[in-house]
Amino acid sequence: MAGSDRGDLTRTAILALLGTVGPLSRTEIARELDLSPASVTQLTRELMGHGMLEELDLKPSRGGRPAQRLGLVGTAGRALGVKVTADHLVIVDVRLDGVVLGSWEHPFDPSGPHALDDLASTVEATLARIEQAPALLGVGVGVPGSVDDQAVGTVNAPTLGWQAMPVGERLRRRLSLPVLVENDVNALAAAERLYGRGRTHRDFLVLTIGRGVGAAIVTDGRVYRGARGGAGEFGHVPVDPSGPVCGCGTAGCLEAFVGSAGLVASAREKGLLEDHAAQGDPGARDAVDELGRAAAAGDRAAQDVFDQAGRILGRSTAGLINVVDPEVVVILGEGVAHWPYWQVGFDRAVRAQLMPGRRDIAIEVESWDETSWAQGAAALVLATPFDAAGAAGEQGRLVRARLIGATP
């Protein structure tokens with residue numbers, strides 16, 4: 001390997017370390033990466049010269065001189081994150097340190113004949129209205145489907161009506177920027193790795209509940225994507241072959257029971273939500289919110305709908321934990337707004353089905369808002385400077401080049 005290439009990889013490894021574990025001293029960096037102190041001093045000086053690292057507070061020492069800690073410069077770059085849904089787009093402008101600078105929502109029809117051109121035009125219009133500093137490193141796109149490769153970005157998403165859609169290729173051609181495309185739950189896992197639980201855990205699960213049910217599996221700090229980018233379709237774990245038909249066409253999937261449409265159907269069977277249509281209604285989310293308000297008001301039938309869904313989700317989650325053996329599970333998504341009514345059934349079922357040695361696993365539920373999906377998409381770009389393994393391919397290299405080129 002050429003010396004310059006090796007140096008670039010080592011700089012990336014330093015950024016990766018600081019980007020995922022937080023500020024460290026030069027001595028700690030050398031120890032963690034098995035580098036000589038002289039090499040770390042030289043490389044960090046170069047990164048500071050490029051405006052990517054800064055000296056922070058002194059770390060107390062038990063003896064001798066306190067160590068100067070180094071951290072990332074949050075204003076060194078930014079990314080645009082785009083979440084694609086069946087009826088709208090959410091776009092956020094996010095700084096390297098995770099600070100959201102702006103957010104926008106736009107109507108969107110993925111089934112339209114010019115859907116990708118409409119998507120590109122909406123992103124272009126957003127780019128035209130944002131500030132020019134910090135430098136824009138690229139665009140991340142999160143979709144509810146499988147993606148062949150982040151750097152290629154060909155999408156199969158039945159909920160959008162997309163089959164082999166060249167999202168990445170089309171956006172790169174229109175925007176002349178690096179573009180990374182990923183399954184939306186995997187994108188959330190990238191954000192967790194960068195800013196959340198992934199800072200302290202290298203093996204964890206991210207589960208999402210809402211319109212659908214998804215999972216991202218992070219092992220040794222990397223999202224497991226599977227052979228064709230389709231790993232994590234947790235919503236299509238079979239629960240009951242005689243159960244309701246799922247949106248994928250198979251009967252009895254987990255999602256058919258605990259996704260938004262499944263909750264609405266279960267509520268209708270109990271005589272609730274009679275004014276709402278059955279499965280597939282684009283207003284299912286509003287109906288679930290109505291169900292949540294009924295549960296909060298003490299409606300026992302509404303509470304039972306969530307409790308039953310929690311038990312089904314808990315049993316399936318236990319099976320996934322038993323297979324994957326993560327350190328922690330993080331639950332996210334629109335559905336967590338009503339988590340108090342899921343929780344009792346979920347906790348009882350998941351602990352009962354876990355193997356004895358795993359019953360004390362931490363399961364954490366995080367707060368949620370509509371921009372969270374798009375923040376995950378932005379994290380696809382913002383994580384690439386810290387990606388020593390090169391998972392983002394050529395697009396990741398272009399992001400890193402923009403980061404270095406934009407700084408003194």
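Given the structure is predicted, the values throughout are model-derived calculations rather than measurements. Just so you know, these numbers use all the heavy atoms, side chains as well, and skip hydrogens, waters and symmetry mates.
Shown are L180, V179, V139; of these, the side chain to side chain contact (heavy atoms under 4.5 Å, CB included) with L380 is made only by L180.
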Could you give me the CA-CA distance, side-chain angles and deciding distance for L171 and V141, then say whether side chain to side chain contact (heavy atoms under 4.5 Å, CB included) is met?
CA-CA 10 Å; L171 289 181; V141 182; 3.7 Å; yes
Using the side chain to side chain contact (heavy atoms under 4.5 Å, CB included) rule, take T250 and H236 through it: C-alpha gap first, then chi angles, then the decisive distance, then the call.
CA-CA 8 Å; T250 303; H236 302 291; over 6 Å; no
T154 vs V167, side chain to side chain contact (heavy atoms under 4.5 Å, CB included): CA-CA, chis, key distance, verdict:
CA-CA 6 Å; T154 302; V167 177; over 6 Å; no
Go through R225 and V147 one step at a time and tell me if the side chain to side chain contact (heavy atoms under 4.5 Å, CB included) criterion holds.
CA-CA 9 Å; R225 304 186 76 254; V147 180; 3.9 Å; yes
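Remark: side-chain polar atoms of E327 are not paired, donor with acceptor, to backbone N or O of F204 under 3.5 angstrom. A donor-acceptor pair under 3.5 Å is formed between the side chain of R351 and the backbone N or O of R359. Within the 3.5 Å criterion, the main-chain N or O of S39 finds no donor-acceptor partner in the side chain of Q42. Counting only distance, with no hydrogens or angles, the side chain of S316 and the backbone of L313 share no donor-acceptor pair below 3.5 Å. Using a distance-only test at 3.5 Å, with no hydrogens or angles considered, a donor-acceptor pair links the side chain of Q68 to the main chain of L56. N183 places no side-chain N or O within donor-acceptor distance of the main-chain N or O of S146, the cut-off being under 3.5 Å. Looking at D93, its side chain never comes within 3.5 Å of a backbone N or O of L80 through a donor-acceptor pair. Under a 3.5 Å cut-off, the side chain of E255 and the backbone N or O of V213 do form a donor-acceptor pair. The backbone N or O of L354 sits nowhere less than 3.5 Å from a side-chain atom of N322 that would complete a donor-acceptor pair. In this structure, the side chain of W339 does not engage the main chain of V365 through any donor-acceptor pair within 3.5 Å.
Of the charged side-chain nitrogens involved, at least one lies within less than 4.0 Å of a carboxylate oxygen, so that R300 and D304 count as a salt-bridged pair. A salt bridge between R69 and E28 is absent, with no side-chain N of the basic residue lying under 4.0 Å from a carboxylate O of the acidic one. The residues D117 and R170 are annotated as salt-bridged, a charged nitrogen and a carboxylate oxygen being separated by less than 4.0 angstrom.
Smallest separation of non-hydrogen atoms from F108 and T85: CD2-O, 4.0 Å. The nearest pair of heavy atoms linking P110 to A115 is O-CB, 3.4 Å. In plain terms, the two heavy atoms of G345 and D307 that are nearest each other are N-OD1, 3.3 Å. Contact between Y341 and G292 at its shortest, heavy atoms only, is CE1-O, 4.2 Å. Closest of all the heavy-atom pairs between A302 and A295 is CB-N, 3.7 Å. Between E182 and A187, the closest heavy-atom pair is CG-N, 4.1 Å.
Residues T41 and R45 meet the side-chain proximity criterion, which asks for heavy atoms closer than 4.5 Å. Side chains of E192 and V330 form a contact here, defined as non-hydrogen atoms less than 4.5 Å apart. The shortest side-chain heavy-atom distance between L177 and L136 falls under the 4.5 Å cut-off. The closest side-chain heavy-atom distance from L96 to R78 is not below 4.5 Å. At a threshold of 4.5 Å between non-hydrogen side-chain atoms, the residues L332 and L207 do not count as touching. Between Q395 and R172 the shortest side-chain heavy-atom distance falls below 4.5 Å. The side-chain heavy atoms of R174 and S121, taken from C-beta on, include a pair separated by under 4.5 Å. Contact of the V264 side chain with the V288 side chain is registered, since non-hydrogen atoms from C-beta on lie closer than 4.5 Å.
In this structure, OG1 in T219 is found 10.0 Å from CG in L205, a value given to the nearest 0.5 Å. Here the NE2 atom belonging to H114 is positioned 14.5 Å from the CG atom belonging to L119, to the nearest 0.5 angstrom. Interatomic distance, R193 CZ to L188 CG, rounded to the nearest 0.5 Å: 15.5 Å. Expressed to the nearest 0.5 Å, how far NE2 of H106 lies from NE2 of H88 amounts to 11.0 Å. A distance of 13.0 Å separates CG in L43 from CE in M48, rounded to the nearest 0.5 Å. Rounded to the nearest 0.5 Å, atoms CG (D347) and CD1 (I363) are 7.0 Å apart.
Ring-plane geometry between F306 and H338 is classed as tilted, the angle between the planes lying from 30 to 60 degrees on a 0 to 90 degree scale.
Between the side chains of W342 and Q308, no donor N or O sits under 3.5 Å from an acceptor N or O.
Around atom CZ of R228, no more than 12 heavy atoms belonging to other residues, nucleotides or ligands sit under 6.0 Å away.
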